[in-house]
Amino acid sequence: VNSWTLAFSRAGETGWVSHDITPTSSCGFVLDIALYQGAGLLAGIGGRAPLVVTAHGTDVENARRNRAVASATRLTVRRAHAVVAVSAWLLERLTEVVPEARAKSSVIDCGVDLDQFALRNVDEARTEVGWSPAGTGFLCVGSLSERKNVLRLARAFERRGEGELAFVGDGPLRRALEGRPGIHLVG
């Protein structure tokens, strides 16, 4: 079950939207917006449409550290019909700041399904994808952006002086990573 299905299921449980709504429908709600940032706060304050917000780690940590952000987060949660947390741990931290979030929250874990992605023979897996690193193989999957600290990872890898690092993704820092010894860019 994907996160859209779970979010729409949660929305259906609240009684404000049916289970057969699709992400492309113009049903008038916002999904996966930051709890306190721009769109989340504006929708929380002025919107009339039902609102589903997603709590991400940065959102919750900022609310824990900053009273103004905590106030904005409380306002957004109060306005939301449902809150999605990306882990049970994160939901616990959110409810420390906004206790009323618990009653309207669901956890949609964005982690890896270990049953679907079970460990297998490393050599066979590397042969299948055509990657045979000299030494230790390192893999980073995600946006090649400052927020993901890919340049810092590349520098740490270079200091190690051994193995190969593959980045799977694309983004504004791609050129800064190109041509570095032992670093491969895929995607």
Side-chain angles (χ1 to χ4, degrees), residues 1-13 19-25 30-35 37 39-40 52-62 64 82-95 101-102 105-187:
V1 177
N2 67 36
S3 59
W4 278 106
T5 303
L6 288 170
F8 288 115
S9 175
R10 172 66 179 155
E13 290 169 14
H19 289 288
D20 60 353
I21 298 294
T22 63
T24 57
S25 297
V30 180
L31 180 65
D32 198 27
I33 57 176
L35 278 173
Q37 296 171 343
V52 175
V53 294
T54 302
H56 297 277
T58 303
D59 304 330
V60 174
E61 287 310 306
N62 287 338
R64 292 171 54 85
V83 176
V84 176
V86 298
S87 71
W89 178 84
L90 189 61
L91 177 58
E92 289 304 314
R93 293 184 65 86
L94 173 62
T95 57
R102 184 173 308 282
S105 293
S106 294
V107 174
I108 300 177
D109 195 330
C110 295
V112 173
D113 180 345
L114 295 178
D115 292 330
Q116 187 172 355
F117 296 97
L119 293 176
R120 55 186 267 199
N121 181 286
V122 172
D123 294 328
E124 289 175 14
R126 287 179 175 174
T127 299
E128 188 175 321
V129 298
W131 187 39
S132 299
T136 307
F138 299 92
L139 176 66
C140 177
V141 179
S143 174
L144 304 181
S145 65
E146 279 189 49
R147 189 170 79 85
K148 298 294 184 177
N149 266 326
V150 294
L151 294 178
R152 183 177 184 189
L153 175 59
R155 286 190 301 272
F157 167 76
E158 290 165 342
R159 281 193 307 272
R160 180 178 169 85
E162 181 272 325
E164 294 183 28
L165 169 60
F167 285 98
V168 178
D170 202 6
L173 296 179
R174 183 180 191 84
R175 286 199 176 146
L177 294 166
E178 288 176 339
R180 290 177 178 231
I183 294 181
H184 305 279
L185 302 174
V186 181

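We use all heavy atoms of the structure for the numbers below, so side chains are in, but hydrogens, waters and symmetry mates are not.
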Inset, instruction - Can you see which heavy atom on V84 is nearest to which on V52, and at what distance? - result: CG2-CG1, 4.0 Å

Inset, instruction - Provide the closest heavy-atom pair for S87 versus V107 in the form atom of the first, atom of the second, distance. - result: C-CG1, 3.6 Å

Legend entry - Residue pair V60 / A55: nearest heavy atoms and the distance that separates them: CG2-CB, 4.1 Å

Inset, instruction - With the side chain counted from C-beta on, respond yes when L94 and V83 share a heavy-atom pair under 4.5 Å apart, and no when they do not. - result: yes

Legend entry - Heavy-atom pair with the smallest gap, counting every atom of E162 and G135: OE2-CA, 3.1 Å

Inset, instruction - Flag the pair K148 / L173 as yes when at least one side-chain heavy-atom distance between them is below 4.5 Å, and no otherwise. - result: no

Legend entry - Heavy-atom check, side chain of P133 versus side chain of H184, under 4.5 Å: no

Legend entry - E178 side, atom CD; L144 side, atom CG - distance, nearest 0.5 Å: 9.5 Å

Legend entry - Within-4.5 Å side-chain heavy-atom neighbours: I183 and E158: yes

Inset, instruction - Could you give me the CA-CA distance, side-chain angles and deciding distance for F167 and L153, then say whether side-chain contact (heavy atoms from CB on, under 4.5 Å) is met? - result: CA-CA 10 Å; F167 285 98; L153 175 59; 3.8 Å; yes

Legend entry - Straight-line distance of R152 CZ to R155 CZ, nearest 0.5 Å: 8.0 Å

Inset, instruction - Using atom types as modelled and distance alone, determine if a side-chain donor or acceptor of N62 lies under 3.5 Å from a backbone N or O of T58. - result: yes

Legend entry - Non-hydrogen side-chain atoms of R160 and F138 separated by less than 4.5 Å: yes

Inset, instruction - Identify the heavy atoms of W89 and E61 that sit nearest to each other, and give their distance. - result: CH2-OE2, 4.4 Å

Inset, instruction - Taking all heavy atoms of W131 and all of A166, pick out the closest pair and write down the distance. - result: CZ2-CB, 4.0 Å

Inset, instruction - Would you check if T95 and E92 make a side-chain contact, meaning some heavy-atom pair closer than 4.5 Å? - result: yes

